[in-house]
Protein chains: 2
Amino acid sequence: MTTQSKVNNIFYKEGQKLLVAVDCIVFGFNRGKLKLLIMERKIEPQKGKWSLIGGFVQKDESLDQAAYRILQACTGIHDMHLDQLYAFGEVDRDTGGRVVSVAYYSLINLELFEQELLKEYNAKWINIDDIPELALDHNKMANSALEALQKQASIKPIGFELLPEKFTLPQLQLLYEAIYNRKMDKRNFQKKILKNDLLIKLDEKDKSTSKKGAYLYRFDLDKYSKIKSNEDSFYIKV
Amino acid sequence: MTTQSKVNNIFYKEGQKLLVAVDCIVFGFNRGKLKLLIMERKIEPQKGKWSLIGGFVQKDESLDQAAYRILQACTGIHDMHLDQLYAFGEVDRDTGGRVVSVAYYSLINLELFEQELLKEYNAKWINIDDIPELALDHNKMANSALEALQKQASIKPIGFELLPEKFTLPQLQLLYEAIYNRKMDKRNFQKKILKNDLLIKLDEKDKSTSKKGAYLYRFDLDKYSKIKSNEDSFYIKV
DNA sequence: GCAAAAGTGTTAGAACTACACCCATGC
DNA sequence: GCATGGGTGTAGTTCTAACACTTTTGC
């Protein structure tokens with residue numbers, strides 16, 4: 001092959017247009033369990049199988065916008081937290097044709113979730129350690145998302161997203177234990193989480209899980225947004 | 001809007017096919033400097049401007065394969081380390097039309113790089129703190145890749161990729177200092193790097209940078225591949 | 001003999017882990 | 001009054017950061 005034709009082959013080669021999808025791994029937290037939102041797949045191939053929430057990217061919307069559009073439609077929530085996870089691009093990942101899928105993951109406060117959408121879309125929340133076989137490569141996506149969540153949970157205060165505005169320390173600890181699938185010592189956990197100085201202790205107690213009641217806290221959003229630019233503003237060793 | 005038409009709109013909406021590209025951020029290390037490989041852009045728009053190495057994904061190749069194909073062509077290296085960075089999908093990121101680009105980054109041992117390819121492709125290595133204005137959103141990509149490299153360097157022994165097979169501890173420290181753009185204490189650095197127990201001290205010395213000479217080391221690839229499955233097998237606090 | 005880079009050890013502070021008992025209250 | 005979950009402190013260990021002098025050898 002000549003030099004010029006090599007260059008041609010690599011750089012001038014006509015692009016072939018592909019379908020681009022987004023799939024969303026949506027996490028929620030309730031009663032000490034980390035949950036994943038799945039729905040019945042609406043299109044071929046594998047129509048009717050459980051799958052992540054997804055759709056095709058349109059020509060006039062960005063990847064982020066497509067993910068937001070789909071997630072907003074499926075949860076009823078606005079301004080939710082959304083992170084890109086990974087682009088899945090195996091040739092045969094979708095048996096119906098060549099589709100590149102960009103996966104996003106999102107943390108949802110279940111109190112804001114519109115439950116009636118479950119029926120509308122034939123969707124459900126399942127426990128994270130009870131995920132059925134999903135369509136295409138969606139199990140792989142969900143597993144990657146869980147790994148990403150584990151990394152994120154140690155460097156960002158993700159309780160912001162998954163818990164109600166007011167929550168107790170035992171609740172927050174249950175969240176971390178669910179994410180890492182591991183029991184933690186409550187004294188050490190509280191020391192580590194409070195050291196970040198992003199929690200405000202309230203005078204109220206939540207008595208829904210014990211007779212004594214546990215103090216409610218809320219995140220100091222002001223303080224967090226002020227120091228957010230500094231990536232090291234939160235850290236919890238797990 | 002009726003429920004059914006909402007469902008139609010989200011899930012059945014015809015996918016619109018888009019161009020998908022890969023762009024590669026290629027790092028090298030030489031004489032204490034971290035380097036980035038850039039080349040003259042070969043296609044419109046912004047033809048002739050400096051840019052990352054990239055090309056279009058073909059219908060019969062995965063994203064990874066496309067990145068590998070392009071990188072292999074531009075460096076002459078086989079089996080190089082390649083990590084997906086992020087999918088850039090703003091609508092107007094390519095002024096020539098809608099293109100979603102999946103960015104990959106790679107660490108290259110400059111001893112293996114085929115220098116004659118620089119002329120062939122009109123490419124060059126530039127210092128990481130001396131990056132010119134690049135085409136499209138390529139500066140953003142390069143910055144993200146550097147951040148990813150910083151994260152990676154603390155949890156994976158990336159010296160494997162960027163240094164020759166035999167190297168000295170001062171060399172390795174220069175690499176870390178270049179990645180983090182910060183001077184480090186050599187005693188503490190050596191303690192931390194040696195604690196991972198992945199370096200083998202050789203009897204040879206490299207006298208190219210001092211009269212006394214510095215001991216050469218090599219990575220214990222066997223040990224690393226055995227424990228690689230365990231993500232925590234390497235750690236250096238930076 | 002001296003300049004230039006390589007090699008080496010200690011100490012004080014911070015962070016982490018492990019661990020057990022009392023408290024408040026609804027029943 | 002007792003069962004249940006919530007709250008709290010300490011001691012030993014490990015990790016980290018700061019810091020300076022000696023060694024080697026080509027010139």
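Just so it is clear: chains get the letters A, B, ... in the order the sequence lines come, proteins before strands, and each one is counted from 1.
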>> Could you tell me how far apart A:Asn188 (CG) and D:dA11 (C1') are, to the nearest whole angstrom?
In response: 12 Å
>> Is it the case that the ring center of A:Tyr215 lies less than 6.0 angstrom away from the ring center of A:Tyr217?
In response: no
>> Please report the distance, rounded to the nearest Å, between NZ in B:Lys183 and P in C:dA5.
In response: 11 Å
> Could a donor-acceptor pair under 3.5 angstrom be found where the side chain of B:Arg187 meets the base of D:dA20?
Replying inline: yes
> Side chain of A:Lys211, base of D:dG6: donor and acceptor closer than 3.5 Å?
Replying inline: no
>> Of the options D:dT16, C:dC19, D:dA17, whose atoms approach the side-chain atoms of A:Asp185 most closely?
In response: C:dC19
> Under 3.5 Å, is there a donor-acceptor pair between the A:Gln171 and A:Asp206 side chains?
Replying inline: no
> Any donor-acceptor pair under 3.5 Å between the side chain of B:Lys186 and the base of C:dA6?
Replying inline: yes
> Which comes earlier along DNA chain D counting from the 5' end, the contact point of B:Ser210 or that of B:Lys195, where each point is its nearest nucleotide?
Replying inline: B:Lys195
>> If you only use heavy atoms from C-beta on, which nucleotide in D:dT8, C:dG7, C:dC16 is closest to the side chain of A:Tyr235?
In response: C:dC16
>> Tell me whether A:Gln115 at atom CD has more than 12 heavy atoms from other residues, nucleotides or ligands lying less than 6.0 Å away.
In response: yes
> Taking OP1 and OP2 of C:dT8, is either one under 4.0 Å from a side-chain nitrogen or oxygen of B:Lys191?
Replying inline: no
> Below 4.0 angstrom from OP1 or OP2 of C:dA5, is there any side-chain N or O of B:Lys207?
Replying inline: no
> Is atom CD of A:Glu114 surrounded by more than 12 heavy atoms (other residues, nucleotides or ligands) closer than 6.0 Å?
Replying inline: yes
> Rounded to whole angstrom units, what separation is found between the CG atom of A:Leu202 and the P atom of D:dG7?
Replying inline: 12 Å
> How would you label the contact of A:Lys205 with the nucleic acid (heavy atoms, under 4.0 Å): base, sugar-phosphate, or nothing?
Replying inline: nothing
> Side chain of B:Lys192, base of D:dT14: donor and acceptor closer than 3.5 Å?
Replying inline: no
> Does the C:dC23 base have a donor-acceptor partner in the side chain of A:Lys212 within less than 3.5 Å?
Replying inline: yes
